[in-house]
Enquirer: 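Quick one: the structure is below, and I'll ask about it shortly.
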Amino acid sequence: MAPVFLKSITKAYGAFEAIHDIDLEIEDGAFVVLVGPSGCGKSTLLRMIAGLETISRGEVLIDGEVMNDVPPKHRDIAMVFQNYALYPHMTVAENMGFALRLAKVPAAEAAEKIRTSAAVLGLTDLLDRYPRQLSGGQRQRVAMGRAIVRNPKVFLFDEPLSNLDAALRMQMRVEIAELHQKLGTTMIYVTHDQVEAMTLATKIAVVNKGRLEQVASPVRLYERPQNLFVARFIGSPQMNILPARAADGGGAARLLDGSRIALPWPLPLGEDGELSVGIRPEALLIADDGALGGRVTLAEHLGGLTLVHIALTDGAPVVLQAVGAPTVAVGDLVRLRVDPAGLHLFDPDGRRIAKPGES
Amino acid sequence: MTALPSAGLAAGSRRSKRLGRRSRAERWAPLLFLLPAVVTLATVSVYPVLDGMRLSLRNTMLSTQEDEFVGLANYLRLTGDPQFWSAWQHTMLFTAASTLLETLLGMAMAVVLYETFRGRGWVRAAMLVPWAIPTVVTSKMFGWLFDGQHGVVNWLLMQAGLIDGYVNWYGDSRTALLTIIIADVWKTTPFMALLLLAGLQTVPHSLVEAARIDGAGPWQSFWSIRLPLLFTTLLIAGMFRALDAFRIFDLVYVLTGGGPADSTEVLSTLSYKVLFSGLDFGYGSALSAAMFITEAVIALGFGLFIVRRMRRDNG
């Protein structure tokens with residue numbers, strides 16, 4: 001167990017900078033998820049912590065020690081790879097014991113550690129099998145077993161669930177969360193799936209184009225996205241983003257179709273100042289006195305929830321999430337009210353316009 | 001309306017006839033496509049082997065016009081012929097030494113060329129030059145390099161203080177085969193390196209990275225991860241090389257002609273001499289047959305090992 005600090009980390013390939021000056025503090029025992037679209041640099045960042053990529057500028061500290069020039073094997077970390085990277089010519093037990101063998105752990109002690117770890121992950125009956133004889137989920141578990149058997153200071157996960165089907169992914173997600181609760185070890189987890197990030201993390205770092213957009217707890221990230229990128233990236237279905245202008249002396253936002261959304265707090269913008277209005281799908285409510293109007297284009301019934309797709313009067317598409325099954329049909333004209341709790345405002349540069357009382 | 005069913009029947013029978021024709025064509029077409037390859041192989045490969053076998057059972061001699069069936073007489077002569085056994089030993093020694101050295105050095109080269117460094121593309125291309133040079137040219141080149149009086153190798157070794165006097169490399173029966181092995185290693189190692197480099201590239205990079213995180217240094221990751229995963233490729237490359245080395249002819253023929261004192265005589269040069277200098281087609285064919293059998297045994301040995309290995313890897 002150890003805290004991890006990234007201090008002004010930069011990765012440059014020649015003149016091209018893939019990672020720009022990232023600072024990140026990961027507390028001891030935290031589960032931090034680096035999330036972002038593919039190519040945003042999150043994997044590179046993880047590989048720099050692992051020691052598989054050199055650090056162009058800045059420092060990586062694990063447990064208070066600068067690790068920049070320390071080879072991976074001396075960083076006391078374990079990593080789970082996207083394709084599992086199991087050694088195909090070794091059995092499950094040999095795969096899990098490879099690190100112990102290299103560390104010259106006595107055979108009896110190593111066997112004991114392998115047995116305990118295998119029991120934790122339900123691998124006891126598979127110890128003599130080869131990776132090719134295992135299913136995807138079992139391979140995934142062996143990859144985790146190989147990591148926990150060494151009892152490292154930090155676990156690194158590089159998109160460990162993206163090769164699994166949806167049902168298995170959900171199951172393994174739960175297992176990883178349980179593993180973290182059981183071991184309490186610092187975990188750093190890379191994914192492009194915001195659902196994984198939201199469910200697993202104690203802290204999420206949203207990465208975009210080699211920069212940190214926001215670092216916060218999942219709930220805070222959802223409730224106070226600092227910019228449009230985070231607002232769009234976190235939450236499923238996506239937040240509805242509508243261009244608007246300030247009206248009524250900052251007391252309302254006027255959408256392109258002319259409708260006005262009254263704001264419970266005054267905008268710090270002049271009359272006609274540009275802004276973007278973000279509305280979470282669950283903050284759109286069907287109400288006869290609603291400020292917005294549109295036509296239903298599709299209703300997706302998910303059982304407990306329904307997603308209603310609506311085209312506003314100027315054609316802009318929005319999604320409404322309702323509990324249960326509201327009685328709407330395609331083609332219906334509906335009025336929509338906005339719950340201020342799910343309303344977010346962004347300035348023309350995409351930065352959040354803070355509500356009163358927000359720090 | 002009443003005519004319709006019978007018209008339908010007629011159409012049905014026409015269709016079945018057409019289907020019958022098509023299925024006959026479908027049966028013959030694959031065989032037809034195979035025919036050119038079969039004919040070519042039969043004429044240039046199967047027929048010569050069989051005819052060689054037939055000749056080896058006769059005393060065909062062009063100079064005396066003898067041509068009678070003699071049964072296994074040529075093979076009996078072979079078993080008691082010291083020239084044959086000495087050539088057989090030289091061939092085996094050359095095959096074993098060159099295959100082993102070329103595999104080891106080729107592996108080392110492949111590992112270096114796998115890494116990224118400035119100018120790697122150029123080095124990879126340059127590496128193939130020795131292999132691209134015609135063997136006769138290589139032979140002449142090594143003839144001059146290892147020349148007993150004017151050779152640069154002697155001069156270099158003298159300067160380095162490794163030898164007391166000039167060595168008559170390929171003129172001395174103790175060093176002649178060694179010289180040929182060195183020339184062959186120089187020429188063929190790059191080819192091995194290229195085969196093994198291709199093999200190395202099939203080992204997923206993430207495995208090497210996983211090993212690094214597990215605590216393996218470069219040597220450990222080579223011995224524990226890359227080499228075991230490369231072993232089948234290594235065996236296949238080794239088999240090709242061994243079978244090729246066993247047929248060594250041009251290097252020996254140009255550099256030493258089999259001498260001095262038959263110390264570099266190999267099976268290819270010996271059967272060539274018996275066949276085309278001695279015009280003893282019967283005995284020469286028996287020699288060739290002995291070569292064929294030895295090669296078949298080598299191939300079988302490698303083959304069994306490779307198949308077993310592959311079964312283990314995929315079973």
Side-chain angles (χ1 to χ4, degrees), chain A residues 13 43 46-47 49-54 70-91 94-105 110 129-133 139 142-150 152-160 163, chain B residues 103 107 110-111 114-122 195-238 302 304-315:
Chain A
Y13 298 98
S43 278
L46 190 78
R47 291 168 57 81
I49 300 171
L52 296 173
E53 296 276 353
T54 55
V70 177
K73 61 173 174 175
H74 293 139
R75 292 189 184 197
D76 202 3
I77 45 155
M79 185 159 166
V80 177
F81 290 80
Q82 181 177 356
N83 62 2
Y84 319 135
L86 300 180
Y87 311 124
H89 57 296
M90 295 186 195
T91 62
E94 286 166 343
N95 262 285
M96 288 171 68
F98 186 58
L100 301 176
R101 207 179 88 204
L102 292 174
K104 300 208 166 58
V105 174
R129 301 251 193 108
Y130 284 92
R132 63 174 178 273
Q133 298 164 322
R139 285 178 203 185
V142 175
M144 294 206 300
R146 193 169 64 180
I148 68 171
V149 78
R150 298 170 47 199
K153 283 182 186 160
V154 181
F155 283 107
L156 306 175
F157 294 87
D158 189 5
E159 308 222 11
N163 284 5
Chain B
T103 308
M107 190 76 227
V111 168
Y114 178 83
E115 299 301 327
T116 336
F117 55 87
R118 200 180 288 270
R120 179 175 71 168
W122 285 103
L195 282 181
L196 296 176
L197 179 62
L200 268 183
Q201 282 165 343
T202 65
V203 177
H205 197 59
S206 61
L207 292 187
V208 179
E209 290 186 336
R212 275 177 70 193
I213 289 186
D214 269 344
W219 271 111
Q220 284 160 326
S221 105
F222 178 76
W223 282 111
S224 305
I225 309 295
R226 280 155 137 200
L227 195 60
L229 293 176
L230 199 62
F231 203 70
T232 309
T233 312
L234 211 59
L235 280 177
I236 293 172
F302 268 106
L304 282 178
F305 209 61
I306 291 167
V307 167
R308 239 180 49 195
R309 179 87 197 174
M310 281 175 146
R311 282 231 181 92
R312 219 196 68 189
D313 285 354
N314 306 319

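All values below come from the heavy atoms of this structure, side chains included, with hydrogens, waters and symmetry mates left out. All of these numbers come straight from a predicted model, not from anything done at the bench. The sequence lines fix the lettering, A, B, ..., with proteins before strands; numbering per chain opens at 1.
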Enquirer: Taking the side chain as C-beta and beyond, is there a heavy-atom pair between A/R47 and B/E209 under 4.5 Å?
Expert: yes

Enquirer: Given heavy-atom pairs under 4.5 angstrom as the criterion, report whether the side chain, backbone, both or neither of A/R75 touches chain B.
Expert: neither

Enquirer: For A/F98 and B/A211, which heavy atoms make the closest approach, and how far apart are they?
Expert: CE2-CB, 4.1 Å

Enquirer: How close do B/I213 and A/R150 get, heavy atom to heavy atom, and via which atoms?
Expert: O-NH1, 3.2 Å

Enquirer: For the CZ atom on B/F305, are there more than 12 heavy atoms of other groups (residues, nucleotides or ligands in this structure) within a distance under 6.0 Å?
Expert: no

Enquirer: Under a 4.5 Å heavy-atom cut-off, does chain B meet the side chain of A/L86, its backbone, both or neither?
Expert: backbone

Enquirer: If you compare all heavy atoms of A/R146 against all heavy atoms of B/A210, which two are closest, and at what distance to 0.1 Å?
Expert: NH2-CB, 3.7 Å

Enquirer: Near B/R308 CZ, under 6.0 Å, is it more than 12 heavy atoms from other residues, nucleotides or ligands?
Expert: no

Enquirer: Does any heavy atom of chain B fall under 4.5 Å from the side chain of A/A143, the backbone, both, or neither of them?
Expert: neither

Enquirer: Just so I understand: if I count every heavy-atom pair under 4.5 Å between each of A/A85, A/P71, A/A78 and chain B, which residue has the most?
Expert: A/A85

Enquirer: Is A/F81 in contact with chain B via its backbone, its side chain, both, or neither, using a 4.5 Å heavy-atom distance?
Expert: side chain

Enquirer: Please flag which part of B/L229 lies under 4.5 Å from any non-hydrogen atom of chain A: side chain, backbone, both or neither.
Expert: side chain

Enquirer: So, for B/S224 and A/H89, which heavy atoms are closest and what is the spacing to 0.1 Å?
Expert: O-NE2, 2.7 Å

Enquirer: Minimum heavy-atom separation for A/P88 and B/L207, please, with both atom names.
Expert: CD-CD1, 3.6 Å

